[in-house]
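Notes for the one structure printed next.
In the text below, chain A, chain B and the rest are named by the order of the sequence lines, each starting its count at 1. Excluded from the calculations below are hydrogen atoms, water molecules and symmetry mates; all remaining heavy atoms, backbone and side chain alike, are included.
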Amino acid sequence: MTTARDEILGRVRAALATGTAGPAAASSTGTPAGSTTTSTVPREYRESGEHGAGSAHVLDLLVDRLEDYKAQVHRVSAAEVSATLRRLAATLSDRDHVPERVESTGSGAVPRPDTAERASGAPGVVVVPAGLAAEWVTAMSDGGVDVVVDPPGAPLTPSDLDRAAGVVTAARVAVAETGTIVLDSGADQGRRAISLVPDVHICVVRADQVVQTVPEAVRRLAHHPDRPLTWISGPSATSDIELNRVEGVHGPRTLQVVLVG
Amino acid sequence: MTTGNNAGPPSNRTFLGMPQPADPLRWGPSFPDAARRELGNDQLRRNLGHATSTIRAKRAKVVGEVPDWEALRDAGSALKAQVMDRLPELLEELERNVTARGGVVHWARDAAEANRIVAGLVQEAGTDEVVKVKSMATQEIGLNEALEAEGIHATETDLAELIVQLADDMPSHILVPAIHRNRAEIREIFLDNMGDAPPDLTDVPRELAMAARAHLRRKFLSAKVAVSGANFAVAETGTLSVVESEGNGRMCLTLPETLITVMGIEKLIPRFTDLEVFLQLLPRSSTGERMNPYTSMWTGVTPGDGPSEFHLVLLDNGRTRVLADEVGRSALHCIRCSACLNVCPVYERVGGHAYGSVYPGPIGAILTPQLTGESSDLPYASTLCGACYEVCPVKIDIPSILVDLRAREVESGSAGRGWGAAMKTASTMMSDGGRFRRAARLGRAGRILGGRGGVISRLPGPGAAWTASRDLPLPPKRTFRDWWAAHEREKTGERAGDDRPRPGDGAEPR
Ligand code: SF4
């Protein structure tokens, strides 16, 4: 009995054998695009940028690109991170940041449970991963923010996360040219769900994590390719209506980047 | 409320959708008949013209920012050729690595087998509802309909797919399936069919997006099973990747307990670091962004983070047939960016539905007939102007493949559903019209690629290639419009002197 696996692999091998052994039909195209004997890949593209990781040029470029895609950027020194997080997180806890109209008219017939709770004015908690720097967590708590650590053994449910006002994480690497931040689920970033469901994502990026080009970032990530990776470029967005970009769909509608250094 | 005008097809307040076909790769009338119908739809052409010109401008801007764009295209093209050469070993490597990381790999020879596998997995998970991330592979196999037949409801979560699903319509573009709908139509579809759309919903895009967010939120939070496609699969590590914008992909890939990914066997890339090429090529070519808002990558199952069960369904469904053709094989290099649709003068005028396949536009014209292995008139749905090749991020020489497929149709004596000898003549006219216009077209392609001092580094190869190798008659000065008129005359029994406006008037393909 032939399994689907064996049959498909057999078909693939047969197809390739026909192709290479047969007469050179490809000559009719006269271009290398259809060529099948390419075993070396030309890599003439830039494997790194002309500016080093964390250089002033790269940081400026990142800020420009982040803002172009509607992320909010706060440039601070290392000493200012705690105070900045306390201020940003406190703003979240203080008020219902969700645009009123959208949530309140979100359902005609079906009441949405999270709407009721938000409308009741209960201050949302701010979620953090277990490995976030203790001093940042302390600073936020001291500032009156209701900080909840996502417990590794007993993770918050999606509904818990949906009720949260926001999330604070660190990052793994950032790409200046594309305005991209990558999370690799390290202990200071947490599992993927916590930076997805809450509506505001506050992300701390260190200067030395910022590279100029995509290849530089991929090569850093290649040290742990098996970690779940999330590449984030601005708040969630859609281009599905007449191909115009609209920010804010299912992922966090607000992305705040605290750029350190 | 604007609907199609008096000259257009029937339209009323509830917009007519393209009904679900039995075969997503072969539906509707022949291309010329469908094209004639769509050319009468002014609203469609306005919607498409607006959307494609928007995306062309955005693409040109962000591609122009990249100094090494051509080098990236060369690398992408070579990588994909290498993948085809090494496909058996790379598939086995992928399977090994996904399995080693706790995933389960399934193989499906055709659509029916893939659908059976997915339905069985959903039933095993004990649910009758799944959330879906937009995926061409699952469109191609008609998964939603197959699941429905098993009592399983699939909810599309991509905004454009949701629009298409709510309107009981078919996709008309591989990236933006509802590109044929404008904001006013989308508002109507939501109000009529969403069930929980706010009654005072306006047609402001942001409000429409927010309505979709509210509608899908609870589904995401409670979903047990998600079904996705994949943009890339890394053989070396077993890493899968989905490139998206809205966060619906992240929701589906992260929150449910079970994830089922259906992927064509050609989606492989050899090494993890090869992502550095495709993650530059794809976003700029597709949505015209430097980077799409979200890209997810996962490798098997990660305890404590995301689904605890992961199934990967590797799909053949005609791909090995395409692979066996040395000329047509490079159609499998496609990364589904849709840039070739957005620049195609024929696509822009007739829309995606005319192609009668989930793969429309230039890529559809070469991929669909090869996947099905059947005689088709789709290879004629082109002016051979070469714009598709110019923008293709992996340099698929679509015009050459079209010419080859046409030659095969002619040689085999099959003329494609009822085109007949006159159509072959017409196709020649169309080719020559395209060839004749190539000089003008180049100016435009230069602008599309633009931003680098207006210098075109290389004249397009395909025209030269096929004109050199094909023994075609010298060009009469014919255009797509003339071709069209010839076809119409054949169709209507030659109404010479007919003064009704011809479809091409005033809208010459550029
Ligand atoms: S053929 Fe090329 S341009 Fe067209 S969708 Fe595929 S990759 Fe994009």
Residue among Val62(B), Asp274(B), Leu175(B), Val234(B) with most heavy-atom pairs under 4.5 Å to chain A: Asp274(B)
For the student: nearest non-hydrogen atoms of Asp85(B) and Leu16(A), plus distance: O-CD1, 3.6 Å
Where Thr302(B) and Asp226(A) come nearest, the two heavy atoms and their spacing: OG1-O, 4.3 Å
Part of Thr237(B) within contact of chain A (heavy atom distance under 4.5 Å): side chain
Residue part contacting chain A, namely of Asp325(B), when any heavy atom lies under 4.5 Å: neither
Student check: side-chain heavy atoms of Asp240(A) and Asp158(B) closer than 4.5 Å: yes
Side chain / backbone / both / neither for Lys80(B) at chain A, heavy atoms under 4.5 Å: neither
Thr157(B), part contacting chain A, at a heavy-atom distance under 4.5 Å: backbone
Within 6.0 Å of CD in Glu67(A), more than 12 heavy atoms from elsewhere: yes
Region of Leu79(B) in contact with chain A, defined by heavy-atom distances below 4.5 Å: both
Interface moiety of Leu255(B) toward chain A, non-hydrogen atoms closer than 4.5 Å: side chain
Residue pair Leu9(A) / Trp107(B), side-chain heavy-atom distance below 4.5 Å: yes
Nearest-0.5 Å distance, CZ of residue Arg219(A) to OG1 of residue Thr273(B): 6.0 Å
Region of Val175(A) that comes under 4.5 Å of a non-hydrogen atom in chain B: neither
For the student: nearest non-hydrogen atoms of Ser239(A) and Val176(B), plus distance: O-CG1, 4.4 Å
Among Ala237(A), Gly234(A), Ala222(A), Ala193(A), residue most engaged with chain B (heavy-atom pairs, under 4.5 Å): Ala237(A)
Short side-chain donor-acceptor distance under 3.5 Å, Tyr45(A) and Glu276(B): yes
Closest contact, heavy atoms only, Glu113(B) versus Ala4(A): OE2-CB, 3.5 Å
Distance (rounded to the nearest 0.5 Å) between Ser195(A) OG and Arg250(B) CZ: 4.5 Å
Candidate pair Ile265(B) and Val12(A), rule side chain to side chain contact (heavy atoms under 4.5 Å, CB included), full reasoning: CA-CA 10 Å; Ile265(B) 53 172; Val12(A) 173; 4.0 Å; yes
Closest-packed option against chain B by number of heavy-atom pairs under 4.5 Å, given Glu44(A), Arg192(A), Arg227(A): Arg192(A)
Part of Arg319(B) lying under 4.5 Å from any heavy atom of chain A: neither
Leu221(A) and Phe272(B), any side-chain heavy atoms less than 4.5 Å apart: yes
Under 3.5 Å: donor-acceptor pair, side chain of Arg213(B), backbone of Val249(A): yes
Toward chain B, the part of Glu7(A) with a non-hydrogen atom under 4.5 Å: side chain
Proximal component of Pro228(A), with respect to chain B [non-hydrogen, under 4.5 Å]: both
Most contacts with chain A, counted as non-hydrogen pairs under 4.5 angstrom, among Val277(B), Thr287(B), Ile179(B): Val277(B)
Portion of Asp68(A) that has a non-hydrogen atom of chain B nearer than 4.5 angstrom: side chain
Arg109(B), part contacting chain A, at a heavy-atom distance under 4.5 Å: both
Euclidean distance, Arg5(A) CZ relative to Glu92(B) CD, rounded to 0.5 Å: 5.0 Å
Top of Ser236(A), Pro152(A), Pro158(A), Ser185(A) for chain B proximity - count of heavy-atom pairs under 4.5 angstrom: Ser236(A)
From CA spacing to verdict: side chain to side chain donor-acceptor pair (under 3.5 Å), Thr238(A), Glu246(B): CA-CA 5 Å; Thr238(A) 181; Glu246(B) 298 165 14; 3.0 Å; yes
Thr295(B) side, atom OG1; Ile232(A) side, atom CD1 - distance, nearest 0.5 Å: 10.5 Å
Interchain contact, Val218(A) with chain B, by part (heavy-atom threshold 4.5 Å): both
Chain A contact via Met251(B) - which portion, at a heavy-atom distance below 4.5 Å: both
Stepwise side chain to side chain contact (heavy atoms under 4.5 Å, CB included) check, Arg217(B) with Val197(A): CA-CA 10 Å; Arg217(B) 193 81 180 172; Val197(A) 180; 3.5 Å; yes
Full working for side chain to side chain contact (heavy atoms under 4.5 Å, CB included) between His250(A) and Glu244(B): CA-CA 11 Å; His250(A) 303 296; Glu244(B) 52 129 0; over 6 Å; no
Portion of Ala108(B) that has a non-hydrogen atom of chain A nearer than 4.5 angstrom: backbone
Nearest-0.5 Å distance that lies between atom CD in Gln82(B) and atom OG1 in Thr40(A): 8.0 Å
Inter-residue atom distance Thr52(B).OG1 - Glu242(A).CD, 0.5 Å rounding: 12.0 Å
Contact summary for Arg191(A) and Asp305(B), nearest pair of heavy atoms: CA-OD2, 3.3 Å
Region of Ser296(B) that comes under 4.5 Å of a non-hydrogen atom in chain A: both
Among the listed options Leu196(A), Val182(A), Val246(A), the residue most often paired with chain B at heavy-atom distances under 4.5 Å: Leu196(A)
For the student: nearest non-hydrogen atoms of Ala209(B) and Ile241(A), plus distance: N-CD1, 4.4 Å
Lys/Arg-Asp/Glu bridge criterion (N-O < 4.0 Å) met for Glu177(A), Arg290(B): no
Interface moiety of Leu91(B) toward chain A, non-hydrogen atoms closer than 4.5 Å: side chain
Tyr69(A) side chain reached by Met291(B) side chain, heavy atoms, under 4.5 Å: no
Most contacts with chain B, counted as non-hydrogen pairs under 4.5 angstrom, among Gly153(A), Gly251(A), Pro225(A), Ser233(A): Ser233(A)
Heavy-atom pairs under 4.5 Å with chain B, option from Pro155(A), Pro252(A), Gly10(A) with the top count: Pro252(A)
Side chain to side chain, Met297(B) and Trp231(A), heavy atoms closer than 4.5 Å: yes
Test: Arg43(A) and Asp74(B) ion pair at under 4.0 Å: no
